[in-house]
2 protein chains.
Amino acid sequence: MKIFEPERGESLRMYSLRVLRENIITTEFEPGVMLYEKEIATALNVSRSPVREALAELSQFQLIEILPQRGSRVALIDMDLVNEAVFFRTTMEVAIVKLTCTMASEKDLSDLEEILKLQEFYLQNFSKDKFMELDNQFHYSLFKICNKLQCYNMVSKMGAHFDRIRNLSLHVVKDLKLVQDHRDIFHAIKDRDPKKAEEMIRKHLSRIQLDEKEIRKTYPQYFKN
Amino acid sequence: MKIFEPERGESLRMYSLRVLRENIITTEFEPGVMLYEKEIATALNVSRSPVREALAELSQFQLIEILPQRGSRVALIDMDLVNEAVFFRTTMEVAIVKLTCTMASEKDLSDLEEILKLQEFYLQNFSKDKFMELDNQFHYSLFKICNKLQCYNMVSKMGAHFDRIRNLSLHVVKDLKLVQDHRDIFHAIKDRDPKKAEEMIRKHLSRIQLDEKEIRKTYPQYFKN
DNA sequence: GTCAACTAGTATACTAGTATAATAATTTTA
DNA sequence: TAAAATTATTATACTAGTATACTAGTTGAC
């Protein structure tokens with residue numbers, strides 16, 4: 001189990017949640033293993049309640065399966081659920097990017113371009129963390145422009161399912177392509193061209209590459225069915 | 001505060017959640033009022049923890065605002081959020097109903113028709129509760145057919161925002177129209193006609209009638225902005 | 001041998017008490 | 001007098017202990 005320090009001002013509940021989620025999506029906690037409140041609480045040096053609450057939150061999105069009075073199990077990888085998460089994200093982002101074409105102000109456009117430029121900078125400077133942060137920020141901005149942040153939250157939370165299997169994947173998409181996609185999406189929005197924007201965001205999201213077959217061969221016990 | 005009995009086999013956490021949600025969406029708990037763990041726990045004859053966990057869950061979807069160390073406030077009606085909920089539901093249901101056109105089996109179609117017939121029966125027999133239950137069941141079935149139940153869960157949870165303001169609305173849609181809409185949607189699915197299905201579900205969902213102006217006049221203090 | 005009833009073991013679900021932090025009330029100070 | 005500092009109040013955030021319920025293993029009836 002990977003343990004971080006609690007951040008300043010962070011509640012123990014949020015701290016527990018952050019640690020658990022991170023351990024799950026990196027498969028540091030292997031799919032299917034049992035987790036016990038007490039053990040985790042001891043490891044994090046907190047009491048059982050914050051851990052319990054964090055587990056309850058994760059179970060809402062089926063990352064954790066709570067067996068009443070018995071313990072919690074890290075959910076097995078359920079490809080139906082992974083596909084549902086992809087469907088969910090695609091459906092929402094397509095709708096959002098179309099809306100963006102009509103709702104984006106000049107300021108919004110220049111903010112987006114700023115993110116793109118920064119991303120290109122960090123791409124050349126091989127700062128993977130910063131690059132990924134900006135990637136998320138680009139998508140976040142699209143929802144923000146349309147005033148649909150609650151939708152963004154849900155997309156993020158469901159995303160954990162494909163984030164987890166993506167971390168096991170062998171073939172990763174070249175970052176260069178992702179930035180180019182963002183540029184294409186940006187230009188479609190700038191041109192107020194919803195058809196093109198939809199096409200581009202679909203192309204972008206279809207790069208979520210999940211090497212299911214290979215992963216199944218190596219870790220068959222990780223899968224639900 | 002309206003209090004029900006806990007159902008057999010229901011955890012106290014779920015019980016608290018059910019009671020709180022019901023009181024919020026019926027505006028029995030008025031938008032903006034403070035809620036205190038202790039008071040609610042006493043009223044429900046449970047301890048603070050199950051109530052605390054229920055409040056935490058409701059805060060996830062912004063029905064409750066938690067003020068750290070000070071208490072919880074029933075969220076004011078936020079029309080941006082209500083509109084986001086409508087957008088969210090429409091976006092998802094349009095995508096789902098299109099999928100249904102290709103994915104529904106003969107069995108699925110006959111199950112849907114069964115629901116329609118029951119609904120028509122209860123419409124004539126003026127059983128409002130049963131009617132609404134079947135209304136929900138119809139929409140649930142569409143998600144179920146496509147194997148997208150997690151999406152359904154999210155749509156339901158966000159739906160609380162418009163359910164609440166709808167309960168304050170004066171003009172209610174005639175049930176007869178809703179059943180006819182369901183029939184139209186059903187036929188579009190049966191004909192495997194996604195265009196028509198989209199058109200019909202949009203028409204159906206656009207009936208969500210929110211008399212914002214009149215409600216604002218009577219209860220200006222209920223609104224966020 | 002099989003199945004049901006019973007028992008032991010264990011981890012949660014819930015209860016209750018304490019520490020902490022946010023706010024309000026009060027006092028101090030300039 | 002008004003702003004700053006202090007104190008009091010209060011409700012949560014967290015801790016820790018107990019009751020409950022689930023599982024597995026054993027016993028016993030047939």
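Order of the sequence lines sets the chain letters (A, B, ...), proteins ahead of strands, with each chain counted from 1. Only a predicted model underlies this, so the values are computations on that prediction, with no experimental measurement involved.
- Remark: the backbone N or O of B:S49 is not paired with any side-chain donor or acceptor of B:E37 at under 3.5 angstrom.
- At a cut-off of 3.5 Å, with distance as the only test, a side-chain donor of B:E57 or A:Q60 sits close to an acceptor on the other residue.
- Within the 3.5 Å criterion, the main-chain N or O of A:E7 finds a donor-acceptor partner in the side chain of A:E10.
- The nearest whole Å value for the distance from the CE atom in B:M34 to the C1' atom in D:dT12 is 10 Å.
- Counting only N and O atoms by type, the side chains of A:Q137 and A:K144 include no donor and acceptor under 3.5 Å apart.
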Counting primed atoms, P, OP1 and OP2 as sugar-phosphate and everything else as base, the B/S/- map of nucleotides 10-15 of chain C against protein heavy atoms under 4.0 Å is BBBBBB
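- Judged by distance alone, the side chains of B:D108 and B:S105 do bring a donor and an acceptor atom under 3.5 Å apart.
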